[in-house]
Trainee: 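Pasting a structure below so you can have a look.
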Amino acid sequence: MADVWSTDAAAPALDEARLADVAAQALAALHAAGADAAQASVTRRRLTELQINHNHASLLRSTERHTLALAGLWGGRKATQELPTLLWHAGAPDAQRLAAAAAALRHDAAGAPRDEAHAFSAGQVAWHRRGPQRPDTGLLADAAQALLDFRATHTPTVMLEEAGARHHRVESCLATSGGSLLQVAQGWYEVDAFGFAAEPALAGAAPAISSFNAASGQGDTLDAARLPEAFGIGDMCRELARSTRTTSYAARFGGPGEAAVVLSPLAVSTLLGWLLDQIGDLALLAGTSPYRAAVGQVVASPLLTLDSRFDAPGLAPQSADGFVAAPLRVLDAGRLGALTPSLYGSRKLGLAHVPVAAGWQLAPGRTPLAELLAAVPRGALVGRLSMGRPAANGDFSGVIKNSFLIDGGTVGAALSETMISGNVAAMLRAVSAASAERRDTGLWCMPWLRVDGLHFS
Amino acid sequence: MTDAADPDLFEWRRHSLRRNRLQMIDGHLAQNVRGQEDGASVRVREAGYWGFAAGPEGSPRAQLLDQAQRNARAMARFGPRPATPLPGGRWHGEQPATGRPPLDAAQAVQRLQALHAWCTQRFPGLRSVRFLLGDELHAKQLQTGRGAESQAAIRRAVLVVTFVAEADDGRAVELPLFLSCKGSMADLELDPEALAAQLDELHGHVQAKRHAVPARGGQQTVVLAPALAGMLAHEAMGHPCEADSVLGGAITAGLLGQAIASPLVSMTDVAHTWQGQEAMMPVYVDDEGVPAVDAPLIDRGVLTGFMHSRETAQALGQAPTGSARAYGPTDEPLIRMRNTVIHPGERKLADMIAEVDDGYLLSHTANGQADATTEFMFGITLGYEIRHGRLGRAIRDTTVSGSALKVLRDVDAVSDDMYWTAAGYCGKKQPMIVSMGGPALRTRAHLGGE
């Protein structure tokens with residue numbers, strides 16, 4: 001089928017030397033404009049996407065974007081500019097445009113305050129090449145068909161509102177005046193599904209509809225035969241199908257109260273996202289992080305060990321500020337291993353610079369999920385947290401979506417209009433069980449976690 | 001123009017997206033970025049399937065057309081689909097972005113520095129003061145096989161001021177204020193003296209939050225301040241009234257012509273003009289070349305219509321509303337809201353509060369989400385108790401949720417004032433700039449808390 005399904009227009013491969021040459025000439029233009037230090041990053045992104053809308057394959061999309069990002073320092077004053085670039089169409093870097101961009105950047109920087117914390121990376125040299133460099137559109141079509149077939153056969157009440165199979169290709173080169181040269185050429189596949197379930201209306205009644213939910217993941221290849229069960233997509237569809245009839249927590253247990261939650265891997269990733277924000281630049285610079293002086297201290301349950309997976313499919317082990325991101329353990333049995341300020345944040349605050357990229361994994365526990373659920377006397381299996389950003393101090397309240405009642409260790413009816421409230425930092429400390437099973441989406445890999453003492457209303 | 005199988009279903013779009021963003025944290029300029037993305041795209045529809053191709057500025061139209069056609073034809077693998085002609089007009093004309101000449105980066109930095117200096121002098125007790133200042137311009141040139149030819153631009157600017165104070169227990173308490181306008185950063189009010197009243201008020205609120213108490217969880221009588229009503233319009237009823245969601249089986253699908261809200265509630269997705277004034281995000285033509293018209297969604301409580309693309313209009317037998325928009329140069333058009341508004345009523349906000357014996361005033365929100373069920377949630381960053389008709393203690397950050405249908409049916413008072421904002425992004429596969437507006441509403445909803 002792949003030969004019939006060959007839609008990819010001829011696109012010349014960009015050789016790495018060419019990208020590096022563009023970056024080098026951009027650096028030269030910045031130096032010619034008087035920059036004390038500079039960074040240039042050239043990126044070409046290509047996407048091939050097959051879309052499903054409302055349970056039908058509907059659109060095939062091919063896109064290409066070029067970006068040239070320039071940053072320069074003049075006397076401690078910094079500015080950054082991202083430009084589209086026709087450099088490849090022109091056959092060679094356009095010196096005039098580069099000079100004009102460098103001059104504009106210098107003008108921008110002149111108005112910025114002097115700040116000695118600004119700097120660029122130096123001496124970072126790495127080359128990351130991974131994954132399929134060209135799309136196999138036949139594979140995308142097989143994947144889409146597998147999703148459609150699974151839905152029709154196993155969960156016919158599910159409406160796949162939006163779903164898709166994609167191939168991404170990114171080629172980039174980041175160079176700095178300090179000798180850093182970070183090059184990437186990677187391709188990967190991604191699949192996602194977003195939808196809800198609906199049962200036809202009975203006479204005189206509204207149709208029974210579940211909440212929305214989504215699942216996605218990315219990998220070096222797509223295995224259409226295994227796809228519906230990958231990344232939790234199959235589980236999501238089945239859970240949607242049994243969520244059209246709901247009850248509220250208060251209706252079952254007679255009102256608000258305290259109970260336990262078992263957080264799904266998606267909800268766990270939300271929880272850990274707050275932690276990662278608190279040890280990053282914004283919270284540290286604004287002085288709102290509760291973890292500013294907590295490195296080496298126990299800040300979470302001993303069941304929590306959080307590691308990076310910066311080299312997962314579709315990810316590159318490089319930080320946004322131009323550093324090779326080494327493997328990192330943020331939590332070691334609950335003990336905080338590091339803060340993760342950027343180079344700017346670290347120089348500003350006098351902290352160690354810890355480069356981070358995307359991708360995280362939480363170590364599995366020892367309790368089988370079924371056993372973990374069976375031990376919960378009262379509470380909810382929480383699929384997704386729908387809420388505002390937790391407060392700086394960790395306080396939050398949120399609607400638990402795609403969630404199910406747990407009563408006497410048995411997972412029962414889907415919940416509606418149920419909120420939980422608590423404090424994220426306290427929840428991290430209160431984790432009392434972690435499942436042996438994990439869900440791996442490529443970007444993250446998380447177990448299910450039990451947390452007690454949440455307030456339900 | 002095209003050799004596509006159906007020339008009526010061909011669009012070529014040249015699209016420029018420019019974004020500027022500055023972030024200042026306690027006087028330090030942490031971000032100073034100007035961005036520009038230019039590109040061109042072609043979308044075609046053949047045998048019931050869409051093909052889309054986009055490339056950088058300067059990509060030859062013929063090359064994009066060839067790729068888009070091959071993409072559409074490749075979809076035939078999924079079997080035959082009806083290739084029914086689609087309705088839709090064609091718009092000719094120009095819609096330039098309006099406003100003052102944009103600020104350059106140096107001017108923007110100077111204004112933030114002045115604001116920071118003013119705030120630190122006036123409010124010395126704050127732990128941190130942050131500013132996020134940005135604008136973005138979307139300029140599109142469109143030609144369609146149906147004969148539409150347009151150049152349209154919209155631009156919006158946003159300033160977010162965040163004050164951080166210290167609670168009695170030493171923990172950080174923060175409160176953001178979102179200010180927005182049509183135009184660029186030059187059109188935003190950035191003069192500290194002109195903003196003094198709003199900044200004083202923000203400071204007063206963050207001081208109140210230092211001693212905030214948890215809200216009582218459960219169903220409560222709530223007065224949603226005007227800043228929240230627009231969010232309610234957008235999240236709770238706007239999304240379920242997008243016709244692609246309706247086709248997908250959203251609960252609104254079977255409710256057209258039925259009373260779904262209090263007779264006090266009317267709601268419209270405004271294309272470009274509201275009560276004689278140009279709206280914050282004026283859309284005169286969408287990215288299918290269709291003239292944009294208002295979409296009346298609720299008229300005195302009755303569900304009256306949906307927002308459409310050409311395809312959904314055909315599927316539901318209704319007229320297109322010019323609601324199909326693409327966010328970036330490589331994006332395909334999707335049905336998106338434009339300026340979604342709950343119409344003002346006749347009551348005074350003060351009276352609506354005075355009539356509540358036990359409830360909450362919910363004043364600021366930072367985000368919201370909607371569901372297929374019309375169940376919605378907003379994060380509440382500022383609220384106050386109402387006891388015996390008077391405002392009481394501030395409440396901690398919380399979440400309000402409910403079924404939009406129930407909440408709108410329970411509305412028993414609508415204020416005569418209006419608040420518009422274009423500060424946020426709508427998220428639906430792609431981001432999108434939108435505006436939303438409304439008056440204060442009094443109703444019942446579920447509040448998170450103890």
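We name chains A, B, ... by the order of the sequence lines, and we start the count at 1 in each one. Please read all numbers here as calculations on a predicted model, not as lab measurements.
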Trainee: Quick check for you: among B:D371, B:L64, B:T365, B:L247, which has the greatest number of heavy-atom pairs under 4.5 Å with chain A?
Mentor: B:D371

Trainee: With chain B, which of A:G287, A:A198, A:S416 has the greatest number of heavy-atom pairs at distances under 4.5 Å?
Mentor: A:G287

Trainee: Give the interface residues of residues 20-31 of chain B toward chain A, defined by a heavy-atom separation under 4.5 Å.
Mentor: B:Q23, B:I25, B:D26, B:H28, B:L29, B:A30

Trainee: Which heavy atom of B:Q113 sits nearest a heavy atom of A:P113, and at what distance?
Mentor: NE2-CB, 3.5 Å

Trainee: Ignoring hydrogens, what is the shortest heavy-atom contact between B:G248 and A:F196? Give both atom names and the distance.
Mentor: O-CZ, 3.2 Å

Trainee: Given that the side chain runs from C-beta out, which part of B:V33 has a heavy atom under 4.5 Å from chain A: side chain, backbone, both or neither?
Mentor: both

Trainee: Sort A:E162 into side chain, backbone, both or neither according to what part of it lies under 4.5 angstrom from a heavy atom of chain B.
Mentor: side chain

Trainee: Among B:Q219, B:E174, B:Q107, single out the residue with the greatest number of heavy-atom pairs under 4.5 Å to chain A.
Mentor: B:E174

Trainee: Please assess A:E49 against B:K429 for the test salt bridge (charged side-chain N to carboxylate O under 4.0 Å, His left out), listing each intermediate value before the final yes or no.
Mentor: CA-CA 13 Å; A:E49 176 188 55; B:K429 188 170 186 280; 3.5 Å; yes

Trainee: Using non-hydrogen atoms only, which part of B:D169 is less than 4.5 Å away from chain A: side chain, backbone, both, or neither?
Mentor: neither

Trainee: So which part of A:S210 gets closer than 4.5 Å to some heavy atom of chain B, the side chain, the backbone, both or neither?
Mentor: backbone

Trainee: Count the heavy-atom pairs under 4.5 Å between each of A:I420, A:D192, A:T288 and chain B, then report the option with the highest count.
Mentor: A:T288

Trainee: Could you go through the side chain to side chain contact (heavy atoms under 4.5 Å, CB included) check for A:E64 and B:Q67 one step at a time?
Mentor: CA-CA 12 Å; A:E64 179 164 340; B:Q67 179 71 62; over 6 Å; no

Trainee: Report yes if some heavy atom in the side chain of A:L50 is under 4.5 Å from a heavy atom in the side chain of B:M75; otherwise report no.
Mentor: yes

Trainee: So, A:Q81 and B:Q36: side-chain donor and acceptor under 3.5 Å apart, yes or no?
Mentor: no

Trainee: Give the intermediate values and the outcome of side chain to side chain contact (heavy atoms under 4.5 Å, CB included) for residues A:D142 and B:R77.
Mentor: CA-CA 10 Å; A:D142 291 345; B:R77 165 188 171 142; 2.5 Å; yes

Trainee: Considering only heavy atoms, which portion of A:A104 lies under 4.5 Å from any heavy atom of chain B: side chain, backbone, both, or neither?
Mentor: both

Trainee: Is any side-chain heavy atom of B:S245 closer than 4.5 Å to a side-chain heavy atom of A:E161?
Mentor: yes

Trainee: Closest heavy-atom contact between B:M377 and A:V399?
Mentor: CB-CG2, 3.8 Å

Trainee: Say you draw a straight line from CG of A:L60 to CH2 of B:W50; how long is it, rounded to the nearest 0.5 Å?
Mentor: 14.0 Å

Trainee: Could you check if a side-chain atom of A:Q51 sits within less than 4.5 angstrom of a side-chain atom of B:E332, using non-hydrogen atoms only?
Mentor: yes

Trainee: Given a strict heavy-atom distance threshold of 4.5 Å, which part of B:A250 is in contact with chain A: side chain, backbone, both, or neither?
Mentor: backbone

Trainee: Might you point out which heavy atoms bring A:H54 and B:D244 nearest each other, and give the distance in Å?
Mentor: NE2-O, 2.7 Å

Trainee: Testing the basics here: between B:V109 and A:A112, what is the closest heavy-atom pair and its distance to 0.1 Å?
Mentor: CG1-CA, 4.1 Å

Trainee: Taking CZ in B:R34 as the centre, count heavy atoms belonging to other residues, nucleotides or ligands within less than 6.0 Å. Is the count above 12?
Mentor: yes

Trainee: Does the salt bridge (charged side-chain N to carboxylate O under 4.0 Å, His left out) test come out yes or no for B:E375 and A:K401, once each step is laid out?
Mentor: CA-CA 10 Å; B:E375 193 178 32; A:K401 293 280 191 181; 2.8 Å; yes

Trainee: Answer with side chain, backbone, both or neither: which region of B:T162 has an atom nearer than 4.5 Å to a non-hydrogen atom of chain A?
Mentor: neither

Trainee: Could you tell me which portion of B:A72 (side chain, backbone, both or neither) has an atom closer than 4.5 angstrom to a non-hydrogen atom of chain A?
Mentor: neither

Trainee: Using a cut-off of under 4.5 Å for heavy-atom pairs, which of B:G217, B:G379, B:G249 has the most such pairs with chain A?
Mentor: B:G249

Trainee: Looking at A:L59, A:L148, A:L282, which one has more heavy-atom pairs under 4.5 Å with chain B than the rest?
Mentor: A:L59

Trainee: For each of A:A79, A:G195, A:S386, A:A71, tally heavy-atom pairs with chain B at distances under 4.5 Å, and name the one with the top tally.
Mentor: A:S386

Trainee: With side-chain hydrogen bond (donor to acceptor under 3.5 Å, both in side chains) as the test, would you mind laying out the steps for A:S62 and B:N71 before giving the verdict?
Mentor: CA-CA 8 Å; A:S62 309; B:N71 284 352; 2.8 Å; yes

Trainee: Scan side-chain atoms only and decide if B:D104 and A:H107 contain a donor-acceptor pair under the 3.5 Å cut-off.
Mentor: yes

Trainee: Given heavy-atom pairs under 4.5 angstrom as the criterion, report whether the side chain, backbone, both or neither of A:S397 touches chain B.
Mentor: both

Trainee: Quick one, B:F78 and A:H56 - any side-chain contact, counting heavy atoms below 4.5 Å?
Mentor: no

Trainee: Tell me the closest heavy-atom pair linking A:G111 and B:A106, and the distance in Å.
Mentor: CA-CB, 3.4 Å

Trainee: Are the side chains of A:F396 and B:T399 in contact, using a 4.5 Å heavy-atom criterion?
Mentor: no

Trainee: Given a strict heavy-atom distance threshold of 4.5 Å, which part of B:V400 is in contact with chain A: side chain, backbone, both, or neither?
Mentor: backbone

Trainee: Chain B heavy atoms under 4.5 Å from A:D108: which part of the residue, side chain, backbone, both or neither?
Mentor: both

Trainee: Check each atom of B:K209 against the heavy atoms of chain A and say whether the ones under 4.5 Å are side chain, backbone, both or neither.
Mentor: neither

Trainee: What residue, out of A:I209, A:L105, A:D395, A:D281, has the most heavy-atom pairs lying under 4.5 Å from chain B?
Mentor: A:I209

Trainee: Checking B:R81 against chain A: side chain, backbone, both or neither under 4.5 Å from a heavy atom?
Mentor: side chain

Trainee: Ignoring hydrogens and geometry, is there a side-chain-to-backbone donor-acceptor pair from A:R61 to B:T330 under 3.5 Å?
Mentor: yes

Trainee: Using non-hydrogen atoms and a 4.5 Å limit, figure out which bit of B:L447 sits close to chain A: side chain, backbone, both or neither.
Mentor: backbone

